[in-house]
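In what follows, a single structure is set out as C-alpha cells and then discussed.
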2 protein chains.
Amino acid sequence: MTLDEQKKALIERIGIFHEKMGLQPVAGRILGLMYVADRPALTFDEIREELSISKSATSTALNLLIETGPVEYITFPGDRKRYFRLKTSNWRDALTKRIDNIINFKVLLKEVLECRTDKTSEFNTCLGEFVDFLDFLQEELPNLLDKWEKSRVK
Amino acid sequence: MTLDEQKKALIERIGIFHEKMGLQPVAGRILGLMYVADRPALTFDEIREELSISKSATSTALNLLIETGPVEYITFPGDRKRYFRLKTSNWRDALTKRIDNIINFKVLLKEVLECRTDKTSEFNTCLGEFVDFLDFLQEELPNLLDKWEKSRVK
DNA sequence: CTGTTAGTTCAAAATTTTAAGAACCAAATT
DNA sequence: AATTTGGTTCTTAAAATTTTGAACTAACAG
C-alpha cells in the first residue's frame with residue numbers, strides 16, 4: 001500500500017483521538033488507516049501488514065469495530081476474503097451516540113437532585129439548570145440536523 | 001459524614017461515568033462525592049476518609065481536577081485547610097469543552113480530505129458532509145444556549 | 001485426503017495505568 | 001525548638017489493559 005510519512009502520522013493522530021474516546025489503540029489505528037487509505041475497503045491482511053500488528057489483535061479489533069458500529073465488511077462472489085470498510089454514511093448515528101453519552105449524565109444528575117439536601121439552594125439550582133439544558137439539547141439535536149440539512153439543499 | 005448505601009452507589013456510578021470520559025477512577029469518585037455530599041465544600045481529609053483512599057491519591061486527583069476545571073477550593077481566614085468544591089456554575093464551559101472535543105475531530109477529517117484520492121467520491125462526500133455539519137454544530141452551540149436561556153426567562 | 005487461506009480463540013507476555021506508602025516540606029502551635 | 005497539621009512528591013507495588021504467539025477451525029483447492 002505504501003503510505004507516505006504524512007499519512008502514517010495522520011493515522012496515528014486519528015488513532016489517538018479514538019483512544020481518548022475510549023477505544024483500544026489498535027482499533028483506533030485501524031479507523032485511522034481506513035480514513036486515510038485510498039482503497040475503499042481493505043482486507044484483513046492489508047490492515048495487519050500496514051499497521052504491523054498480529055492476526056489476533058487485528059481480528060479482535062475489527063470485530064469490536066463491527067460490533068460497536070463504525071466498520072462493516074463486504075464480500076465478493078468467488079472470493080473468500082472479507083473487505084472491511086468504514087460506514088462513513090453513518091456519521092449522523094455515530095455523532096448522535098457520542099453526544100447522547102454526554103447528555104445521559106442528566107440521568108445521574110436527576111438522581112443526585114432527588115437525594116440532596118435543600119439547604120444548598122445555589123448548588124441545587126445550578127444542577128437543575130444543567131439538567132434542564134441537557135433535556136433541551138437532547139430535544140434540539142435532531143432539529144439541528146434538520147436545519148443543517150435544509151441549509152445545504154439551497 | 002455517614003452516607004447511606006444509595007448515595008454510595010450513586011457516587012460510584014458518577015465515578016464510572018467520568019472514568020468512561022477518560023478520568024482516573026479516584027478523580028471520578030471525588031466528583032461523585034462532591035455531587036452527593038450535603039456539605040457544599042469538603043476538606044482534603046473528609047474526601048480521603050469518605051472514599052478510603054490514600055493521601056497521595058487524594059492530592060494527585062484533586063490537583064488534576066483543579067487543573068482541568070471542575071473543582072476549585074476556597075479558604076477561610078484563620079483556617080489552614082482548603083475546602084474543595086465543585087464549580088457547578090461552570091457547567092456551560094464544562095459541557096462546551098466536552099462537545100468541542102468531539103467537534104474537533106473535524107480538524108483531522110479536514111486533513112484526511114486534503115490527502116485523499118478523488119477516486120472515492122462517495123466516501124469523500126460523506127466525510128465532507130460530516131465536516132460541514134461539525135462546523136455548523138460549532139457555530140450553533142452558543143445559539144442553542146441563548147435560545148435555552150431565553151426560553152426559561154418566560 | 002493433504003495443503004492452503006482466512007480468519008478465531010485463548011493463555012501468557014508486555015505495557016500502561018492506578019494507587020499506596022514513606023519520606024518530605026512549610027506553616028502554625030505548643 | 002519540637003510537634004502537629006495539611007498537604008506534596010517520588011518510588012514502588014498492584015491491577016488492568018493491550019498485544020502477541022501458538023494452536024485451532026472451517027472452507028476451499030489441488
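Labels below follow one simple rule: chain letters A, B, ... track the order of the sequence lines, proteins then strands, and each chain is numbered from 1.
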| request: Provide, to the nearest angstrom, the distance between the CD atom belonging to A:E19 and the C1' atom belonging to D:dT19. | output: 13 Å
| said: Near DNA chain C, counting only heavy atoms under 4.0 Å, which residues of residues 32-49 of chain A show up? | reply: A:F44
| remark: Applying ring pair (Phe, Tyr, Trp, His ring centres under 6.0 Å) to A:F84 and not counting sequence neighbours gives A:Y73
| Between D:dT17 atom P and B:Q24 atom CD, what is the distance in whole Å? | 14 Å
| Within this structure, what is the CG-to-C1' distance between B:L23 and C:dT17, rounded to whole angstrom? | 13 Å
| query | Under 30°, 30 to 60°, or over 60°: which ring-plane class applies to A:W148 and B:F133, parallel, tilted or perpendicular? | reply | perpendicular
| query | Would you say D:dT8 has OP1 or OP2 under 4.0 Å from some side-chain N or O of B:R82? | reply | yes
| task | Quick one: name the residues clustered hydrophobically with B:I74, using the 4.5 Å side-chain heavy-atom rule over I, L, V, M, F, W, Y, and just say none if it's on its own. | result | B:F76, B:Y83
| Residues in side-chain contact (heavy atoms from CB on, under 4.5 Å) with A:P25, at least two apart? | A:E19
| Atom pair distance, as rounded to whole Å: CG in B:L64 and C1' in C:dT17 | 13 Å
| query | Just how far, in rounded Å, is C1' of C:dT17 from CZ of B:R29? | reply | 14 Å
| said: I'd like to check the salt bridge (Lys or Arg N to Asp or Glu O under 4.0 Å) partners of A:K110; sequence neighbours left out, ordered by chain and number. | reply: A:D135
Quick one: which protein N/O atoms are closer than 3.5 Å to N/O atoms of nucleotides 20-23 of chain D? Pair and distance per line, please.
{"unit_1": "D:dT20", "atom_1": "OP2", "unit_2": "A:S54", "atom_2": "N", "d": "2.9"}
{"unit_1": "D:dT20", "atom_1": "OP2", "unit_2": "A:S54", "atom_2": "OG", "d": "3.0"}
{"unit_1": "D:dG21", "atom_1": "N7", "unit_2": "A:S56", "atom_2": "OG", "d": "3.4"}
{"unit_1": "D:dG21", "atom_1": "O6", "unit_2": "A:S56", "atom_2": "OG", "d": "2.8"}

| query | Can you name the side-chain contact (heavy atoms from CB on, under 4.5 Å) partners of B:E12, sequence neighbours left out? | reply | B:R29
Write down the protein N/O and nucleotide N/O pairs, taken from nucleotides 25-30 of chain C, whose separation is under 3.5 Å; answer none if there are no such pairs.
{"unit_1": "C:dA27", "atom_1": "N3", "unit_2": "B:R80", "atom_2": "NH2", "d": "3.4"}

| field | Cation over ring face, A:R82 and A:F44, 6.0 Å, 45° | value | no
| query | A:F76 CZ to D:dC28 C1': how many Å, rounded? | reply | 19 Å
| task | Check salt bridge (Lys or Arg N to Asp or Glu O under 4.0 Å) between B:E72 and all other residues, then give those that pass, not counting sequence neighbours. | result | B:R85
| query | How would you list, by chain and number, every residue that makes a ring pair (Phe, Tyr, Trp, His ring centres under 6.0 Å) with B:F105, sequence neighbours excluded? | reply | A:F17, A:H18, A:Y35
| Can you name the residues that form a side-chain contact (heavy atoms from CB on, under 4.5 Å) with B:R13, not counting sequence neighbours? | A:L108, A:E111, B:L10
| request: Starting at atom NZ of B:K81, determine the distance to atom C1' of D:dT5, rounded to an integer number of angstrom. | output: 9 Å
| Listed by chain and number, what are the side-chain contact (heavy atoms from CB on, under 4.5 Å) partners of B:R39, not counting sequence neighbours? | B:M1, B:L42, B:E46
| remark: To the nearest angstrom, the CG-C1' distance between B:D79 and D:dG6 comes to 10 Å
